[in-house]
Amino acid sequence: MKIGWLVRIAVLLLLAVFLVVPESFAPLLQPLARYNAPAIYNQGSLLDITLNHLGITLLATLAATVIAVGLAILVTRPFGAEFLPLGRSIANIGQTFPPVAVLALAVPALGFGTEPTLLALFLYALLPIFENAIAGLSTIPRDVAEAARGMGMTGWQRFTKVELPLAFPVMLTGIRIAAVISLSTATIGSTVAAKTLGEVILAGLATNNTAFVLQGGIIVGACAVLINDGLGALEGALKRRTGNAGR
Amino acid sequence: MIEIDGLCKLYDGVPVVDDVSFTIGKGDICAVVGTSGSGKTTLMRMINRLVEPTSGSVRIGGRDTRAFEAHQLRRGIGYVIQGNGLFPHRSVAQNIATVPQLLGWDRARIAARVDALLSLFQLDPGQYRDRFPSELSGGQQQRVGVARALAAEPDILLMDEPFGALDPIIRGKAQADLLAIQRRFGTTIMLVTHDMNEAMALGSTIAVMDRGRLMQYAPPSEIIARPATDFVAELIGSGDRPFRMLSLDSVLNHVEPGAAAGEAIDCHASLRDAYAECLWSGRDALPVTRDGKPIGRISLARLTRLAARPR
């Protein structure tokens, strides 16, 4: 466990150094760039591109969280139960469309750039967040829900003091899955001129420069692993706190 | 204290509780006994309106429960359920503080109440206050569940199979604790159980339910001596009747003057224990002590008379 965290911290530091002073890693990547091509991506700052990539992922995941969790809360209320199938359909449709298809369809409407990418990631993230939020909200132990009513909590108090806190770790699982998927899927956004790390990979493929492909891929991969593990640790801590680790 | 009047609950036209009426006196412990599906839990849940009656009414202290808002009503009634239902994401202190917080008590008063209750249930506040329910044993969780129900000093405590999940030894201790606390606060208790032994041990009155109907409502001795229906008799078990009768009273009330040989029995032991000791040790009488000092004896002949059906 401890060694695992040391490795993660090392990866984070290495990533930060690479993004701030990529030139210092040039000798390492030079053997991969043939015909004296540059070893480090030179058509924009890697740091800017990475931050933009993370920003798009964050924005899409946040928006999907707000909508999907809101929808899940609605359909798990007694008055909203009949909308559960509708909610499921909406989330499923989002997942069914491949992000590439969404990009292609969205470009005529939204133009080139960040917007179609945001839309594709947003739609793609809805389902995992929605399903996990429903799972969390509908698996509150019976005796706990019963006790909350029997103590004299109002519907709103039961929701905010009992249901939401207990469902939160499960919701977080969905958000984590969606964030990691969005992070990797965001790379294809560069096909419609969104400023993401896909740009670096595509440039490498176009010029047969393995060094570009590798640095773009490694940055995305490292970010994905770090975000996954960070959110996973938060989930674990919350679940341990509530004694749900085994569930 | 609790007047139940013509209470009915129908689910899809099928009566689950069928025209039940009885009154639980102030400070009574009423044990509601029945097999599963007898409607005993539904009956209890209609007292604090977790289930709304189809017809009939419940009055508490003379006031119809429908005069209150449901959640306000529930805050005034302690509620303990099987499996205790502690909030797993809240500490022991936060769990116990649930109802006082809902009622808007100030922090100092809540903290003092939590510590007092933890001490009352033999849980050191310094050690247990900040633990989470998952860090407690089953018996400790159960005690915290009862402490939570008593936190806002309710006059009435509803308990649905409160000891069902405990092993026999801890259950005996928990029952004794409950009786001690009930005597101290004079709380009126309605307790649902399927276990006739538990009902006999705890109840000052027993209500026997079968298929939604109230079969008999009487003190334990009356239930044993004169079961109203075959079902009630079956629930008691004819072979156990004399022993159940003896278990209802303590040696203290039947001490005779004189002395006897052999090991003594404490005056707070039940007559059943005394009888068992006579038979097991082959003696005709046992010396009785109070706080370790001899105060007389109890004879096998007397115990045998007491075990007979009362006339």
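Chain letters run A, B, ... following the sequence lines, proteins first, then strands; residues in each count from 1. Side-chain atoms are counted along with the backbone in the values below, which use heavy atoms only and exclude waters and symmetry mates.
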Find the distance between CG (B/Asp160) and CD (A/Glu146) and round it off to the nearest 0.5 Å. 8.0 Å

What are the two closest heavy atoms between B/Leu86 and A/Val144, and how far apart are they? O-CG2, 3.5 Å

Which atoms of B/Glu69 come close to chain A, meaning under 4.5 Å heavy atom to heavy atom: side chain ones, backbone ones, both, or neither? neither

Might you confirm whether atom CG of A/Leu13 has over 12 heavy atoms from other residues, nucleotides or ligands at distances under 6.0 Å? yes

To the nearest 0.5 Å, how far apart are CG in B/Leu50 and CZ in A/Arg149? 5.0 Å

Where do A/Ala147 and B/Gly85 come nearest, in terms of heavy atoms and distance? CB-O, 3.3 Å

Go through A/Met153 and B/Leu102 one step at a time and tell me if the side chain to side chain contact (heavy atoms under 4.5 Å, CB included) criterion holds. CA-CA 7 Å; A/Met153 289 190 183; B/Leu102 292 174; 3.8 Å; yes

Please say whether more than 12 non-hydrogen atoms of neighbouring residues, nucleotides or ligands are located less than 6.0 Å from CZ in A/Arg77. yes

Just do the side chain to side chain contact (heavy atoms under 4.5 Å, CB included) check on A/Leu238 and B/His89 with the steps written out, would you? CA-CA 9 Å; A/Leu238 286 171; B/His89 59 298; over 6 Å; no

Heavy-atom pair with the smallest gap, counting every atom of A/Asp143 and B/Ile81: O-CD1, 3.2 Å

Between B/Arg90 and A/Lys161, is any pair of side-chain heavy atoms under 4.5 Å apart? yes

Shortest non-hydrogen contact between B/Pro88 and A/Leu166, atoms and distance: CG-CD2, 3.5 Å

Per-residue contact mode, A/Ala148 against chain B (heavy atom under 4.5 angstrom): both

Side-chain donor/acceptor of B/Arg74 to backbone N/O of A/Met151, under 3.5 Å: no

Could you check whether any side-chain heavy atom of B/His71 comes within less than 4.5 Å of a side-chain heavy atom of A/Gln157, counting everything from C-beta outward? no

